[in-house]
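Structure first, then comments.
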Amino acid sequence: MKKLLMHAPGAGDVRKDRGRMVVRSKAAEFLSTVRKAGGQTGAAVKQFCDDYGVTQETFTRLTGFSHRAVANWAQGQKPSASTERRLAELKRLFAALAQVVVKEAIGPWLKEPNPAFVGSTPLQVIERGETARLWRMI
């Protein structure tokens, strides 16, 4: 069946498939890119760290996964589908932050106490699972 692709600003792609409108989010696009990359996961982890001025240690804290898991991804091991979804959400958050702050400044900013978070650092806020506070700030 013929597929019609249209662009919906901010929502990703909207396509008509079998008579239904299907929205493909930016996170789904990122997941698709990660899956297509296959063994390139290590490059993606390293690229994320380089892009945002984040160390692998900080990346480990951001994800909430073990040091071993992050090291395995950095060496090219593919994360599970559920892990990919969590990583895609982190990437989406950082992409939004990069629209407000210079990309390379995000890593150092994560470790500075912030009055908006009652003295907690943004990294601590993320570790506590309170990313909604960052989204409200953005």
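At least one side-chain heavy atom of Gln56 sits under 4.5 Å from a side-chain heavy atom of Val70. A 4.5 Å side-chain heavy-atom check between Thr60 and Thr55 finds every atom pair outside the cut-off. Proximity of Leu110 to Val54: side-chain heavy atoms (C-beta onward) are separated by under 4.5 Å at one or more points.
Contact between Ser66 and Ala69 at its shortest, heavy atoms only, is OG-N, 3.0 Å. Residue Pro108 comes nearest to Gly53 through the heavy atom pair CD-O, 4.0 Å, listed as atom of the first residue, atom of the second, then distance.
Note that the OG atom of Ser80 and the CZ atom of Arg85 stand 7.5 Å from one another [nearest 0.5 Å]. To the nearest 0.5 Å, atoms NZ (Lys91) and CD (Glu89) are separated by 13.0 Å. If you take CG on Leu97 and CZ on Arg92, they are separated by 11.5 Å, rounding to the nearest 0.5 Å. Considering CG of Leu93 and CG of Leu62, their distance stands at 8.5 Å, rounded to 0.5 Å.
Put simply, Met137 and Val100 are part of the same group of oily side chains (I, L, V, M, F, W, Y) that touch within less than 4.5 Å, one to the next.
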Name each donor-acceptor pair under 3.5 Å that joins a side chain in residues 111-123 to protein atoms two or more places apart or in another chain, with its distance.
from, atom 1, to, atom 2, distance (Å)
Lys111, NZ, Thr58, OG1, 3.1
Asn114, OD1, Ala116, N, 2.8
Ser120, OG, Arg128, NH1, 3.4
Ser120, OG, Arg128, NH2, 3.3
Thr121, OG1, Gln124, N, 3.0
Thr121, OG1, Gln124, OE1, 3.4

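The pair Arg133-Glu130 counts as a salt bridge, with a side-chain nitrogen and a carboxylate oxygen less than 4.0 angstrom apart.
In summary, of the residues considered (Phe94, Tyr52, Phe65, Phe48), a ring pair (Phe, Tyr, Trp, His ring centres under 6.0 Å) with Phe59 occurs for Phe48 alone.
Pairs passing the salt bridge (charged side-chain N to carboxylate O under 4.0 Å, His left out) check and including a residue from residues 52-76, sequence neighbours excluded, read Arg61-Glu127.
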